[in-house]
There are 4 protein chains.
Amino acid sequence: MDRLIGNKLEKQNNVVDFDLSDVVINKKKVYEEIADQIRERIINGQFKPGDKLPSERLLAKNFGVSVPTIRQALGTLSATGYIKIIHGSGTFVTSYQTSPFLDLFDKKY
Amino acid sequence: MDRLIGNKLEKQNNVVDFDLSDVVINKKKVYEEIADQIRERIINGQFKPGDKLPSERLLAKNFGVSVPTIRQALGTLSATGYIKIIHGSGTFVTSYQTSPFLDLFDKKY
Amino acid sequence: MDRLIGNKLEKQNNVVDFDLSDVVINKKKVYEEIADQIRERIINGQFKPGDKLPSERLLAKNFGVSVPTIRQALGTLSATGYIKIIHGSGTFVTSYQTSPFLDLFDKKY
Amino acid sequence: MDRLIGNKLEKQNNVVDFDLSDVVINKKKVYEEIADQIRERIINGQFKPGDKLPSERLLAKNFGVSVPTIRQALGTLSATGYIKIIHGSGTFVTSYQTSPFLDLFDKKY
DNA sequence: GTGGTCTAGACCACT
DNA sequence: GTGGTCTAGACCACA
């Protein structure tokens, strides 16, 4: 949908070798970027507790990445309690009642 | 700034480092030599636009150098627009239509 | 034992279940029909030994059935030696040399 | 080396549907099987504390599986403290001193 | 030349 | 028709 993974090709920069200390900082893995975006939509309320997320295949297509990359992103969201993955059914936004300690893991919440 | 670029690349020299004074001039760095050879094949048409290059590992093996050296060669070809490197997929020869200004960057041609 | 196999496969019937008595006889199950069609193409030579079959998803789409139905059809072809299913790679037509006893298992041919 | 993953093609068995309660039991994922084998060698002393394991690529080749599958196996061994993975260096057997509580995680030890 | 991440797409298992 | 696992092999980043 959004295709916001703009930093994909930026890694090509084999720039000069002085003072890169302030350049490297916002290097983010693709799956982290995607996890952030999905988490943000959950927090924004675009994805509400109990909602079913799009399928992994559709997410992969919309984000322009492969299925395993989506799975890695969903895996972190699952591990931090934002979503619940149910085999054969789908991926659902966790209701707050069942995971009241989200902010212990992620300060953005 | 230029010197620092030079420092970065010095690690390639696992050759003599005595009495460089009169040798250095027309000595070509290994990765430049390799970049030249690949570029030449693109210009010759041995590698055509859209073609997929051999993998970095295979190139490294065939040229008898390490993968990072190959990456440096491919990096310059990428920066000058001859090839397009796509993470997870491969390295592809750029079609001329999409990079009409090749020679603006690379003074050798 | 035979009846139990039959029970397993009944889920395919999302068709009429009234007055089956005189229909059931020459009614072919969907997955058998599909297996027949694929087998026929193997025998005709449209699919040659070593060929890779279309993916389960694509077959499902083309035959207008679900993936599990296709899997059932492929399963019988695999059991009777016509094809070899390799996880993560694909489904391949068996070469006759390696399965010389095909018709011992499948009485239809 | 040993190519002991014998159960690879066994999954093809779409056997009859009666009383599978005692059949399904020893279904094991490929990466778990491999993790078990490596762990066993560590316990046996074939791989000693401080030893460097073969590279992921070599393990993949020797076990006849893909690199990500090996990585999954090594990931569980790393999580349970048997090995330590060092980026750019290799994978090493953990010395007992640094992980004295191995058996809390795995009863086989 | 290692481990790390990603692509693309297959078959498997659950519902 | 979903999520789960796997293949095969690419480029990336560290040492």
Side-chain angles (χ1 to χ4, degrees), chain A residues 5 8-9 11-12 14 24 27 29-32 52-61 64-72 74-75 78 85-92, chain B residues 11 52-61 65-71 74-75 78 85-92, chain C residues 11 52-61 65-71 74-75 78 85-92, chain D residues 8 11-12 14 24 27 29-32 52-61 64-72 74-75 78 85-92:
Chain A
I5 321 287
K8 200 175 189 178
L9 296 175
K11 310 169 192 167
Q12 316 263 359
N14 36 357
V24 175
K27 192 71 120 336
K29 285 163 200 136
V30 175
Y31 75 90
E32 289 176 344
K52 182 178 185 175
L53 293 185
S55 75
E56 296 178 337
R57 286 173 179 79
L58 186 53
L59 286 171
K61 194 176 164 191
V65 300
S66 70
V67 170
T69 302
I70 289 293
R71 284 184 58 72
Q72 225 168 343
L74 295 182
S78 173
I85 300 172
I86 300 177
H87 187 179
S89 288
T91 302
F92 301 88
Chain B
K11 52 184 167 181
K52 184 178 184 174
L53 294 185
S55 76
E56 294 179 336
R57 271 171 211 275
L58 186 52
L59 287 171
K61 193 176 163 190
V65 299
S66 71
V67 170
T69 302
I70 290 293
R71 284 184 57 71
L74 295 182
S78 173
I85 301 172
I86 299 178
H87 188 180
S89 289
T91 302
F92 301 88
Chain C
K11 52 183 168 182
K52 184 178 185 173
L53 293 185
S55 75
E56 294 179 337
R57 270 171 213 276
L58 185 53
L59 287 172
K61 193 177 162 191
V65 299
S66 70
V67 170
T69 301
I70 290 294
R71 283 184 58 71
L74 295 182
S78 173
I85 301 172
I86 300 177
H87 187 180
S89 289
T91 302
F92 301 87
Chain D
K8 199 177 190 177
K11 311 170 193 165
Q12 316 264 358
N14 35 355
V24 175
K27 191 72 119 339
K29 283 164 200 134
V30 175
Y31 75 88
E32 288 175 345
K52 183 178 183 174
L53 293 185
S55 75
E56 296 178 337
R57 287 175 179 79
L58 187 52
L59 287 172
K61 193 176 163 190
V65 300
S66 70
V67 169
T69 301
I70 290 293
R71 284 185 59 72
Q72 225 168 343
L74 295 182
S78 173
I85 300 173
I86 300 177
H87 187 180
S89 288
T91 302
F92 301 88

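Order of the sequence lines fixes the chain letters, A, B, ..., with proteins taken first and strands second; residue numbering starts at 1 for each chain.
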Nearest-angstrom distance from the residue atom [atom1] of [X] to [atom2] of [N]:
X: D:Leu53; N: E:dG1; atom1: CG; atom2: C1'; result: 16 Å
X: A:Glu32; N: E:dT5; atom1: CD; atom2: C1'; result: 11 Å
X: B:Ile86; N: E:dC6; atom1: CD1; atom2: C1'; result: 12 Å
X: A:Tyr31; N: F:dC12; atom1: OH; atom2: P; result: 18 Å
X: B:Leu59; N: F:dC11; atom1: CG; atom2: P; result: 8 Å
X: B:Lys52; N: F:dG9; atom1: NZ; atom2: P; result: 10 Å
X: D:Glu56; N: E:dG4; atom1: CD; atom2: C1'; result: 8 Å
X: B:Leu74; N: F:dC12; atom1: CG; atom2: C1'; result: 12 Å

Residue mapping more 5' on DNA chain F - nearest nucleotide basis, B:Gly90 or D:Ile70: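 On the 5' side of the pair lies D:Ile70.
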Tell me which nucleotide among [options] gets nearest to the side chain of [X].
X: A:Arg71; options: F:dG4, F:dC6, E:dC12; result: F:dG4
X: A:Lys29; options: F:dA8, E:dG3, E:dT5; result: E:dT5
X: C:Pro68; options: F:dG1, F:dC12, E:dC6; result: F:dG1

Can you find a donor-acceptor pair, distance only, under 3.5 Å between B:His87 side chain and E:dT5 base?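 For B:His87, whose side chain was compared with the base of E:dT5, there is a donor-acceptor pair (under 3.5 Å).
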Shortest non-hydrogen contact between A:Ala60 and A:Ser66, atoms and distance: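 Answer, listing the atom of A:Ala60 first, then A:Ser66: CB-C, 3.9 Å.
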If you look at every heavy atom in D:Thr69 and D:Tyr31, which pair is closest and at what distance?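 The answer is O-CB, 3.7 Å.
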Is D:Val65 close to D:Ile70 at the side-chain level, that is, under 4.5 Å between some pair of heavy atoms?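 Side chain of D:Ile70 against side chain of D:Val65, heavy atoms only: contact under 4.5 Å found.
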Quick one, A:Leu74 and A:Leu53 - any side-chain contact, counting heavy atoms below 4.5 Å?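 A:Leu74 vs A:Leu53: side chains touch.
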Tell me which of C:Ser89 and D:Gly88 sits closer to the 5' end of DNA chain E, going by the nucleotide each one is nearest to.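 Mapping each residue to its closest nucleotide by heavy atoms, the 5'-most match is D:Gly88.
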Earlier contact from the 5' end, DNA chain E, for C:Val67 and D:Ser55: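 Result: D:Ser55.
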Does any nucleotide pair with E:dG3 by Watson-Crick or G-U wobble geometry, both distances under 3.5 Å, and what is it?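 In the structure as shown, E:dG3 has F:dC12 as its Watson-Crick or wobble partner.
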Check whether any side-chain nitrogen or oxygen of D:Thr91 sits under 4.0 Å from OP1 or OP2 of E:dG3, and answer yes or no.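 For D:Thr91, the contact criterion (side-chain N or O under 4.0 Å from OP1 or OP2 of E:dG3) is met.
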Side-chain donor or acceptor of D:Lys61 paired with backbone N/O of D:Glu56 under 3.5 Å: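 It does not hold such a pair.
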